[in-house]
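Since the structure comes first, as structure tokens, the remarks are kept for the end.
Just the heavy atoms: all of them, side chains too, but no hydrogens, waters or symmetry mates, feed the values below.
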Amino acid sequence: MNAAPSTTVAGTGTRTADAGTGELAPGALAGIFVRLKLSLLRNGLRQSTKRKRAFVTALVATLLFALLQLLGLAAMRGHDHAAAVTVLFAGVVALGWTVMPLFFASGDETLDATRLVMLPLRPRPLVAALTTASLVGIGPLFTLCVLLGSVIALAHGPAAWAAALVAVPLTLLVCVTLARAVAAANVRLLTSRRGRDLALLSGLVIAVGIQFVNFGFQRLSSTDVDLSALEPAAAVVRWVPPASALGAVDSVSEGSYGTAVAQLALSAAALYGLLAWWRASLGRLMTSPDGSTIAAAGPRARAARSSSDATESALLHRLFPRGRTAAVMQRSLRYFWRDPKTKAGLVSTLAIGLLIPIFNAAQGVESVYFASFATGMLGFQMYNQFGQDTSAFWMVMQTLATPRDAYEELRARALALLLVALPYTVVAVVTVAAFVGDWQGLPSALGLSLAVLGAMVGTGALASARRPYTIPQDSAYKNVAAGQGALAWTSLLSGAVVSALVCAPLIAVTVWLHLTDGHGHLWTVLPAGAAYGLLVGWAGLRLAAPATIRELPEILAAVSK
């Protein structure tokens with residue numbers, strides 16, 4: 001029997017198949033995935049000038065921030081507490097890699113194993129290829145800059161620099177592998193219909209994790225923090241992978257070679273365990289059916305689902321009258337309740353909105369006005385309204401012939417969001433006021449929050465028309481399609497800035513009342529804020545309606561990618 005011929009990639013000479021097996025060599029498979037990732041990014045940017053500008057802006061901003069982090073950490077070289085800061089910073093970065101890819105727009109097509117189930121790929125070489133592709137991106141580059149700054153601050157002597165040559169790639173690999181292993185383990189949770197209820201718990205866990213990341217960055221970047229207070233926590237974290245790899249560099253600098261070997265061994269063992277966990281998850285994803293969506297779930301389960309759907313439909317019909325507005329509101333509310341990704345995002349937003357003001361109050365920033373942050377977080381749900389429709393937006397587009405139609409569509413979507421946002425805003429303001437003990441400032445804080453909500457509704461409607469992007473429904477790894485991440489970030493950030501500027505007059509009035517000792521008139525901010533929010537929200541919807549009609553083809557192309 002003749003051996004199966006091997007092949008090479010044209011122009012490179014890279015061996016792509018082993019003779020006799022026909023399987024791709026690991027190096028060739030990794031190269032294919034890297035080229036695939038770059039091609040997806042390049043093709044996504046080619047579709048729109050807006051995406052190119054947004055990507056370049058985000059890339060430059062991230063690189064500048066990463067460079068500042070590198071210089072700041074490097075400047076701690078020789079500082080008594082440099083090891084504590086760098087080790088804790090590495091721990092915070094690793095925690096960010098764990099939770100942020102599940103919440104923020106991230107990932108790419110090459111990282112979604114569910115797209116590869118029909119290909120004859122084994123888990124072991126697939127893990128190697130996916131790991132290599134994962135190292136290409138802005139996130140790994142930022143992490144690398146942080147690690148380089150850390151080792152510059154820690155390494156003293158040739159032996160320490162030799163340890164750093166091992167610690168830096170080891171730490172980066174652990175961070176990347178940790179993110180992908182967690183994502184692979186949660187893929188069924190984020191895509192299955194039965195997993196939608198568990199997505200609530202997942203959203204809460206992610207929200208808490210992100211807030212701990214935020215809290216850690218605030219503490220480490222604070223100028224008035226006593227760095228000696230970080231030593232007890234650093235003494236523990238330096239033995240927790242992957243921060244233990246950086247702890248090994250410091251141990252070598254101090255002459256503790258045995259300790260350094262043990263710390264590097266811990267990170268290496270963590271990497272091995274994460275790779276094994278990831279490989280097992282990929283094996284299950286690529287060989288096992290999703291039990292929550294199998295049609296043969298049984299007549300009793302199907303009958304229960306049908307009864308539940310009928311009860312839900314009857315309830316919605318009783319709550320809303322007939323007409324376009326009612327139909328659109330019901331559709332939006334069903335998105336909130338039935339779509340696992342939308343539900344997880346909404347619950348995470350609700351949790352983060354309450355946690356951040358409370359965390360800031362716990363750090364000494366006791367202001368009831370921080371409650372408006374909770375409203376702003378929920379207001380982001382108004383952005384990219386058409387993206388959640390994905391390719392089904394063409395059906396909505398058939399009903400949009402005039403600016404009036406677009407206005408009614410956007411207004412109904414805003415009303416559905418307000419059914420959640422208005423009571424949540426009241427609860428958030430009351431909760432923060434009770435936590436900080438400032439009941440006198442409650443009316444003005446509630447008024448400002450309502451104004452912020454109205455501004456976010458208006459700017460979100462405009463952003464939905466002018467900066468739409470795809471929310472992939474067939475991938476649990478990301479909330480934005482490849483090549484559109486920068487577009488999504490710039491849309492959200494610019495919307496937040498514009499909303500703050502829109503609310504500036506009301507903010508100025510509130511500040512003036514505080515400075516002139518007009519606390520007895522702060523209650524007037526409540527009706528003024530409610531009216532102002534209603535006005536700017538209505539104005540934003542009015543401006544977005546004709547823009548939506550003009551941009552219909554572009555919106556359809558953007559959300560249907």
Side-chain angles (χ1 to χ4, degrees), residues 50 53-54 56-58 60-62 64-65 105 214 349 352-353 356-357 360 365 367-385 407 410-411 413-414 417-418 421-422 424-425 428-429 432 441 443-469 486-516 518 522 524-548 551:
K50 293 180 182 178
R53 289 198 299 263
V56 171
T57 301
V60 171
T62 303
L64 288 176
F65 183 67
N214 176 52
T349 299
I352 290 176
I356 287 182
N360 279 279
V365 187
S367 175
V368 68
Y369 296 102
F370 265 106
S372 60
F373 183 87
T375 303
M377 285 292 296
L378 191 56
F380 280 130
Q381 297 292 319
M382 186 64 192
Y383 286 65
N384 196 37
Q385 277 292 307
Y407 170 73
L410 290 168
R411 183 186 62 184
R413 293 175 184 243
L417 177 61
L418 290 175
L422 287 176
Y424 173 75
T425 298
V429 174
V432 175
S444 56
L446 182 56
L448 281 178
S449 297
L450 294 176
V452 168
L453 180 59
M456 297 293 285
V457 167
T459 57
L462 286 167
S464 297
R466 297 185 179 276
R467 288 180 173 268
Y469 53 87
L487 177 65
W489 278 111
T490 54
S491 175
L492 296 176
L493 291 177
S494 61
V497 172
V498 172
S499 297
L501 293 176
V502 169
C503 296
L506 197 64
I507 296 174
V509 171
T510 306
V511 172
W512 178 76
L513 288 174
H514 277 281
L515 294 177
T516 59
L522 282 175
T524 59
V525 179
L526 176 55
Y532 191 78
L534 181 63
L535 176 63
V536 296
W538 171 82
L541 293 173
R542 282 295 185 184
L543 292 174
T548 301
E551 302 288 341

Taking all non-hydrogen atoms of both residues, which atom of [X] and which atom of [Y] are closest, and how far apart?
| X | Y | value |
| --- | --- | --- |
| Ala455 | Val536 | N-CG2, 3.6 Å |
| Ala544 | Ala465 | O-CB, 4.1 Å |
| Ala414 | Val457 | CB-CG1, 3.8 Å |
| Ala463 | Tyr383 | CB-CD2, 3.5 Å |
| Tyr532 | Ala451 | CD2-CB, 4.1 Å |
| Thr459 | Ser499 | OG1-OG, 3.0 Å |

Indicate yes or no: at least one non-hydrogen side-chain atom of [X] is less than 4.5 angstrom from one of [Y].
| X | Y | value |
| --- | --- | --- |
| Leu422 | Leu450 | yes |
| Arg467 | Thr490 | yes |
| Val509 | Thr524 | no |
| Tyr369 | Val432 | no |
| Leu493 | Val497 | no |
| Leu448 | Thr375 | no |
| Leu522 | His514 | yes |

So, taking the atom named [atom1] in [X] and the one named [atom2] in [Y], what distance separates them when rounded to the nearest 0.5 Å?
| X | Y | atom1 | atom2 | value |
| --- | --- | --- | --- | --- |
| Leu418 | Met382 | CG | CE | 8.5 Å |
| Ser491 | Arg466 | OG | CZ | 12.0 Å |
| Leu492 | Asn384 | CG | CG | 8.5 Å |
| Leu417 | Leu453 | CG | CG | 7.0 Å |
| Trp538 | Tyr407 | CH2 | OH | 7.0 Å |
| Met456 | Ser372 | CE | OG | 10.5 Å |

Quiz item: Any luck finding a side-chain donor-acceptor pair between Ser449 and Thr425 under 3.5 Å?
Solution: no
Quiz prompt | Check: Thr510/Ser444 side-chain N/O donor and acceptor closer than 3.5 Å | solution = no
Practice problem: For the pair Gln385 (side chain) and Gln381 (backbone), establish whether a donor and an acceptor sit closer than 3.5 Å, ignoring hydrogens and angles. | Solution: yes
Self-check item: Centroid separation Phe373 to Phe370 less than 6.0 Å
Solution: no
